[in-house]
Protein chains: 2
Amino acid sequence: MSIDVVVVSPLAGHLGILGRREPGRSRRLVVPWGWPARGESLEAAARRIASEAAGAEPRLLMQSGTHGDGVAHPGGAFVSVSWVGVLPPAVPAPGWAWTDARSPGGFGPRHRGIIAGAVAVLRQRLDHEPIAFRMLPPLFTLSELQAVYEMLLERRIHKASFRRALHAAWLVTPADEWRSEGRGRPAQLFRYAPRRRRGAQRGVRFDPT
Amino acid sequence: MSIDVVVVSPLAGHLGILGRREPGRSRRLVVPWGWPARGESLEAAARRIASEAAGAEPRLLMQSGTHGDGVAHPGGAFVSVSWVGVLPPAVPAPGWAWTDARSPGGFGPRHRGIIAGAVAVLRQRLDHEPIAFRMLPPLFTLSELQAVYEMLLERRIHKASFRRALHAAWLVTPADEWRSEGRGRPAQLFRYAPRRRRGAQRGVRFDPT
DNA sequence: GACATTAGTAGCAGACTGTTACTTATTCGC
DNA sequence: GCGAATAAGTAACAGTCTGCTACTAATGTC
């Protein structure tokens, strides 16, 4: 039973996932994977595997499914427990590189399924877990945050609506710093700092997939 | 590696899950579980295990997580791939009985965690998957449907708002039948029949958990 | 036939969303 | 310096959605 981790980070304009070609193996890309050590919990193994490839600890790690339906795994495992980890952009460990999450064609069939499942989990839980915030450094601009949301949702969001909803949820506090990004007005920096809430749930949603 | 299935169905006033005391084992309750057969996919194994205990095929079956962190499994498995299946109320197979999902105290620690995860998955995906509909027979009243939503969400819903949102989503069509439930006006029967849609997604939600 | 009980709907007030249009603050080119 | 270009950030309006109250409708019970 293998542990496979899809490590996701926002690059310029698209989401990136970590991949590499295994030394002396095939020409297929693989995501970070390995076997759990004796006495190691599944989550600890996933964290270790992700960290070794990314060169840094994932800031958020979630299980994204277990695959075992005869599709070949690079290590020959019958079953793969797959995880998705997110972290801010970073230089990966030697051998690993960021690839565009929207075109996973270089990966093998098992890993393509795992990547699709990982991205689906990120999208599903985006409104309940601080996924986008964990993809950014502690201080970020609201435009950066919006860009991450747009990558994850794969659709454009209106600036005013986004900020209005964000502030209504009391999820960020402004820092007393501004960052100038070349031309244009400097953007204020914010910090993820969820305050109070746990408000009464509103209505029922019927969104057939 | 075991396969464990939490089988859920709406009983009078609360959700029920299938459990039994294993013959000559311990006094702990267990959910349906087993080992995948050679060449059997994980989903096929889960479907088989659920059907044998429930006496009927689950109408919806979803993976709900994989547990393996040292907590004891009744079969001694290190890792358990857990699933959640739903179906309309039915008489279970001999030996199995419905127990209240809200008080899983009779189960062992591993199964308590699995049950909590299963219920969380049901709640999370309630707005994207026809979970409530698969817990009801093909013809049902809107009051029955609302009762299932209330069990799953563990909160009361306002009747008018519920029906307005339901009809706006074009998920049900009325049958030309009415059912009288003792006293009170007879209720019209409906059928799950999602039509068109796939509408443009609305805004961004920020709901810290 | 009055009453209790459940199904189902109309309509209002307030909240939320999408959008346009604006103001503010900076760099670039001259 | 000074206007143009660019990006951040806000105000405000109109349309939509939600929570709620209050109602009507249809049946069984006494």
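Numbers restart at 1 for each chain; the letters A, B, ... are given by sequence-line order, proteins then strands.
- When the P atom of C:dG18 is taken as reference, atom CD1 of A:I157 falls 10 Å away, rounded to whole Å.
- Across the interface with DNA chain C, nearest-nucleotide mapping of A:P186 and B:Q188 shows B:Q188 to be the residue nearer the 5′ end.
- Summarising the geometry, the separation between CZ on A:R163 and C1' on D:dT10 is reported as 10 Å, rounded to the nearest angstrom.
- The CG-C1' distance, from B:L145 to C:dG8, rounds to 15 Å in whole Å.
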After noting the C-alpha distance and the side-chain angles of A:E144 and A:R179, does the key distance pass the side-chain contact (heavy atoms from CB on, under 4.5 Å) rule?
CA-CA 12 Å; A:E144 289 168 344; A:R179 177 193 296 161; 2.6 Å; yes
Between B:W96 and B:E52, is a side chain to side chain donor-acceptor pair (under 3.5 Å) present by the stated rule, with each step listed?
CA-CA 10 Å; B:W96 295 96; B:E52 283 173 6; over 6 Å; no
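- One cannot find a donor-acceptor pair under 3.5 Å joining the base of C:dG29 and the side-chain atoms of A:R183.
- Within 4.0 Å of A:A160, counting heavy atoms only, lies at least one base atom of the nucleic acid.
- In summary, of the residues considered (A:P36, A:S80, A:S82), a side chain to side chain contact (heavy atoms under 4.5 Å, CB included) with A:I3 occurs for A:P36 alone.
- Going from atom CD of A:E144 over to atom P of D:dA7 covers 14 Å, rounded to whole Å.
- Look at CG on A:D207: it is 12 Å from P on D:dC17, rounded to the nearest Å.
- Nucleotide C:dC16 holds its P atom 16 Å from the NE2 atom of A:H167, rounded to whole Å.
- Look at CZ on B:R179: it is 21 Å from P on C:dT5, rounded to the nearest Å.
- The phosphate of C:dA7 has OP1 or OP2 within less than 4.0 Å of a side-chain N or O from B:S143.
- Heavy atoms of A:R185 sit under 4.0 angstrom from at least one base atom.
- In this structure, B:F190 has its ring center at least 6.0 angstrom away from the ring center of B:F140.
- Within the structure, every side-chain polar atom (N or O) of A:S161 is placed at least 4.0 Å from both OP1 and OP2 of C:dT17.
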What do the steps show when you test A:L29 against A:H111 for side-chain contact (heavy atoms from CB on, under 4.5 Å), and what is the final call?
CA-CA 9 Å; A:L29 285 169; A:H111 274 170; over 6 Å; no
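- At a threshold of 4.0 angstrom between heavy atoms, the contacts of A:T141 with the nucleic acid are absent.
- Comparing D:dT16, D:dT27, D:dC20 against the side chain of B:R164 picks out D:dC20 as the nearest.
- Using a 4.0 Å heavy-atom distance criterion, A:H158 is classed as a base contact.
- If you check D:dT27, D:dG19, C:dT19 against the side chain of A:R202, the one that comes closest is D:dG19.
- Atom NZ of A:K159 and atom P of C:dT24 are 14 Å apart (whole Å).
- Within the 4.0 angstrom heavy-atom criterion, no nucleotide atom of any strand lies near B:E181.
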